[in-house]
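Residue numbers start from 1 in every chain, and the chains themselves are labelled A, B, ... in the order their sequence lines are given, proteins ahead of strands. None of the values given here were measured: they were computed from a predicted structure.
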Amino acid sequence: MEYKFSEIEPKWQAYWRENKTYKVDVDNSKPKFYVLDMFPYPSGAGLHVGHPLGYIASDIYSRYKRLSGFNVLHPMGYDAYGLPAEQYAIQTGQHPAITTEKNITRYREQLDKIGFSYDWDREVRTCEPNYYKWTQWAFTQMFKHYFNNKTQKAESIESLIAIFEKSGNSNIDAATSHESIFTALEWDSFSEKEKQEILLNYRIAFLSETNVNWCSELGTVLANDEVKDGVSVRGGYPVTQKKMKQWSLRVSAYAQRLLDGLDTIDWTDSLKEVQRNWIGRSEGASVNFSIKGHSDIIEVFTTRPDTLYGATFMVIAPEHELVEKITTADNKIKIEEYITWVKGRTERERMADVNKVTGRFTGAYGINPLNGNELPIYIADYVLMGYGTGAIMAVPAHDSRDFKFAREFKLPIIQVVTRAGEEITDPSTWEESFDSKEGKMINSGIINNLDVKEAITTIIKYIEEKGFGYGKINYRLRDAIFSRQRYWGEPFPVYFKNGLPEILDDSKLPLELPEVDKYLPTEDGQPPLGRAKNWETADGYPFELSTMPGFAGSSAYYLRYMDPNNNDALVSKEANNYWQDVDLYIGGTEHATGHLIYSRFWNKFLFDLGYVCKDEPFKKLINQGMIQGRSNFVYRIKNTNTFVSYGLRNEYETTEIHVDVNIVHNDILDLNAFKSWLPEYVNAEFILEDGKYKCGHAVEKMSKSMYNVVNPDVIIEQYGADTLRFYEMFLGPLEDSKPWDTSGIEGVHRFLKKLWRLYFDNNGELMISTEKPTDAEQKVIHKTIKKIKEDIEKFSFNTSVSAFMICVNELTDLKCNKKEVLENLTIILSPFAPHISEELWCALGQTTSVTDAVFPEYNEAYLIENTKKYPIQFNGKMRFTLDLSANATKEEIQEAVFAHETTQKWLDGNEPKKIIIVPGKIVNIVV
RNA sequence: GCGGGUGUGGCGGAAUUGGUAGACGCGCUAGACUUAGGAUCUAGUGCCGCAAGGCGUGGGGGUUCGAGUCCCUUCUCCCGCACCA
């Protein structure tokens, strides 16, 4: 029998399916291990070879852990809500549920062919009512809780009401958008509606009027992580700022815990750094500036309160609430013009113009609380409403943006920090401001001569004493806007009564997504759900028309996998206590600021409520690298249908054209396939070199338009899934980006065939010997067992593959067919190539699945080397090697080296200056 | 601008604590078998050189008996964040 992967693979896949080989349950007799892949959004294009890279890696690890005695939870599901299906629905009228279902079926077929060890009984789909019931449930819980800053955790709204009733809100330190202070008596006097409006500002899921990223092309608002470079991540459409009433999640309340949690988890430093930047903690002070002739004050956040004396003007964001109030009559028109201009610009335009200085004077003056100086107040769009308080004190001497602004508007510049040894010059002669993180204060009243660090603490203490400010920590992390004006998402379990939102009772969940006649907004601009009939409660109260965003369904899916069919809870206590958290999470780096922040937040919230036992959901996380495409090109001579081979292209004027990589082998074009590829090439002619058409190549993103997409199905058909799995791992380190080049796959395929021939002779007859293995054979296999174990544990799968190749090459050279050796080899190979391993395991006479075997221990005794091939260097250059006993002493080594004729040649009659002998390592002779 | 990463043959990539640079594979060259080869097997393959030998891990400098690995400096490309006060 030869290696017939096309028969072996479906056979074992059927076996696994029928025997539920990968089904797992809570089993307290075994330690648990949870390996999770970021579940895919099932797109219409299907999987390409880049997608399974992480899945294969996690599958190898899962199988390895299982062989090592763990009860491994390794589930898969689908992130099934999303814009592409809905956009397609708008174009075709086809219900997104239908296209989604179709795409899922296709994904499943492709995944099944690769031979993953998923427990498919645990599959989840975010768009299914029995799943999104728990997404809605979590939302209702967030509605029912507020965040207590003192205890740093979520607590019930009831407990908050109790405090309000007892002592008002002056003693409460909660994450809230409510500002005014009220007493218990006042609280009591508020109407029910007033009370509810106040409470809404405390809830973790809350409704509020905020500036949002509005994408008119998609007809919806977007969260910050869904906008990149001023355009929508999905589709690349322009985004503008707009004030809208929206549901938000108070993620910012968890900023500090999200930051602190990073120190407790095993993620890469770069990913942690991305999250730290996104959370954006900065320490500084909040300082109140009064406004000349007004009772209002402007609150400013600054990280450099030490430079207060250097403030020469103030800038507030054009959207700042005080703009209208403080603008003087003679400046009104100019200010309004400016605000209109700012509003009309897209985010992208604004970002492209960051170097242009624009702004307008309001006519008002702020008062520097330290020295009473009057500071003209400007509005400018370099100050963002979304950060801090939307107002700054400008210190042009030490901030480049303030400096530019000061120059543009001819405002004074006062230096307040000097660097060591610096000569003081007139700031009006400066070319630019300078950063002043270190230095001594000047022109700074009470903090003169202090170091910057000391000045900061001194001034904070001072302003706190004087009562015009306090030390403050600010975060860049914003609350997550949670409404989408779209159809294909989870409905909110919310209805409106007298204009106030009320939450559906748990017993009414899930609130199922209704049917609509079209997937477009209504004529009067309501979201698509505005088209649904009877979209109201039994009592006739209207339901919320927005749906939840993409990240809603993915925020707790890892918990649902633990107990996917539970109708009474997201996850049972028992299941959660057993599976606890994800031990290994593998997925793409693109989720660094979205999913991985939101799900951590979501998990911490559920942790506060006692529904889950772990504060952090993902213990270890690995980002697999991107598989890039390797494109091929042909060169058409201009205005002809003649194509010239790569090496000759410079002799003609040519156009470089992408050609389908699937009709190119080792950069040689299949001419007939090319002619039938596209109608326009039927009559193509070629200028060849060496009788062949050579193509050019380049590494690019894998995409349809570059014709470099490789489908795993095609690879599996030609080489089998085991070859695909091996080759994906062989390409390079898991975390690196690397190009896919199908050419190299022959190597690993040959390896599998060579492996097969260790078990079967040329006539396909099994030729296993039960004789005792020789020491040499044992050495080969035990060396490999050790290497594979070490490699898997450090996720170095590419080097495992070469170790297997070396092992098979060596066993082939030894003509080894000993059962004991081959059994061990089969087991350690099975995480990588499960199908062939099952087949060989069976051929070895085993009657159970290789997945139930035990990963072998290596025996040190076989690994001991008796001799060492010593490299002999002269002046640090290796000249020859010498086989010596591994336990030879320094003296013995030296004697042997100097007895060697080559040594005499390199000494060339000279006395060695120095002889370095490192036993077991190397000999170096300095001449 | 800030932060992170990367750089090794024609290509993907290997190299414990500093200790034989280029493992393994692709490709390429030659040969064997074959009606045939995008099959299989054998040998070779970093660069220059007939050879002896020399040169080689982005560039320059340093530490060391010895540097891909450590230190300084510089460049390239990639990624993330970005008027964040």
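Of the listed nucleotides (A14(B), C83(B), A85(B)), A14(B) has the atom at the smallest distance from the side chain of N798(A). Checked against G19(B), G12(B), U20(B), the side chain of M878(A) finds its nearest nucleotide in U20(B). Taking only side-chain atoms of N809(A), from C-beta outward, the nucleotide of C24(B), A15(B), G54(B) with the closest atom is C24(B). In this structure, the nucleotide among G54(B), G53(B), G3(B) sitting nearest to the side chain of E273(A) is G3(B). Checked against G53(B), A85(B), C65(B), the side chain of S282(A) finds its nearest nucleotide in A85(B). The V274(A) side chain lies nearest to G80(B) when the options are G80(B), A23(B), G19(B). For V918(A), the listed nucleotide lying nearest its side chain is G19(B); candidates were G19(B), C81(B), A14(B). Looking at the side chain of W278(A), the nearest of the listed nucleotides U17(B), A82(B), C83(B) is A82(B). Of the candidates C55(B), G19(B), A14(B), the closest approach to any side-chain atom of P733(A) belongs to A14(B). Closest contact between the side chain of R401(A) and the listed nucleotides A52(B), G12(B), C83(B) involves C83(B).
Taking the syn range as angles within 90° of 0, the glycosidic angle of G25(B) is outside it, so the base is anti.
U29(B) is paired with A43(B) under the Watson-Crick or G-U wobble criterion, all donor-acceptor distances under 3.5 Å. Judged by Watson-Crick or G-U wobble contacts below 3.5 Å, the nucleotide U69(B) has no partner. The base-pairing partner of U57(B), taking Watson-Crick or G-U wobble contacts with both distances under 3.5 Å, does not exist among the strands shown.
Going from atom CE of M729(A) over to atom CG of N798(A) covers 9.0 Å, rounded to the nearest 0.5 Å. In this structure, F313(A) CZ and I392(A) CD1 are separated by 6.5 Å, a value rounded to the nearest 0.5 Å.
Close placement of the F726(A) and F751(A) rings is indicated, their centers lying within 6.0 Å of each other. Between F760(A) and Y3(A), the ring centre distance reaches or exceeds 6.0 Å. Between Y475(A) and W278(A), a ring centre-to-centre spacing not shorter than 6.0 Å is recorded. Ring-centre distance between H697(A) and F633(A): not below the 6.0 Å cut-off.
Between Q628(A) atom CD and C78(B) atom C1' there is a gap of 9 Å when expressed in whole angstrom units.
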| task | Produce a footprint string for nucleotides 37-45 of chain B: one letter per nucleotide, 5' end first; B if the base is under 4.0 Å from any protein heavy atom, S if only the sugar-phosphate is, - if neither. | result | -B-SS----
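For the OP1/OP2 pair of G53(B) and a distance below 4.0 Å, the side-chain nitrogens and oxygens of K905(A) include at least one atom meeting the criterion. Residue R276(A) places none of its side-chain N or O atoms closer than 4.0 Å to OP1 or OP2 of C81(B). Note on K738(A): every side-chain N or O is 4.0 Å or more away from OP1 and OP2 of C11(B). When the side-chain nitrogen and oxygen atoms of R879(A) are compared with OP1 and OP2 of G54(B), one or more of them lie within a distance under 4.0 Å.
Remark: the N277(A) side chain and the C81(B) base include no donor-acceptor N/O pair separated by less than 3.5 Å.
Base engagement by L384(A) is indicated by at least one non-hydrogen atom pair under 4.0 Å involving a base atom.
Two residues are said to be in side-chain contact when any heavy atoms from C-beta on lie closer than 4.5 Å; I668(A) and C695(A) fail this criterion.
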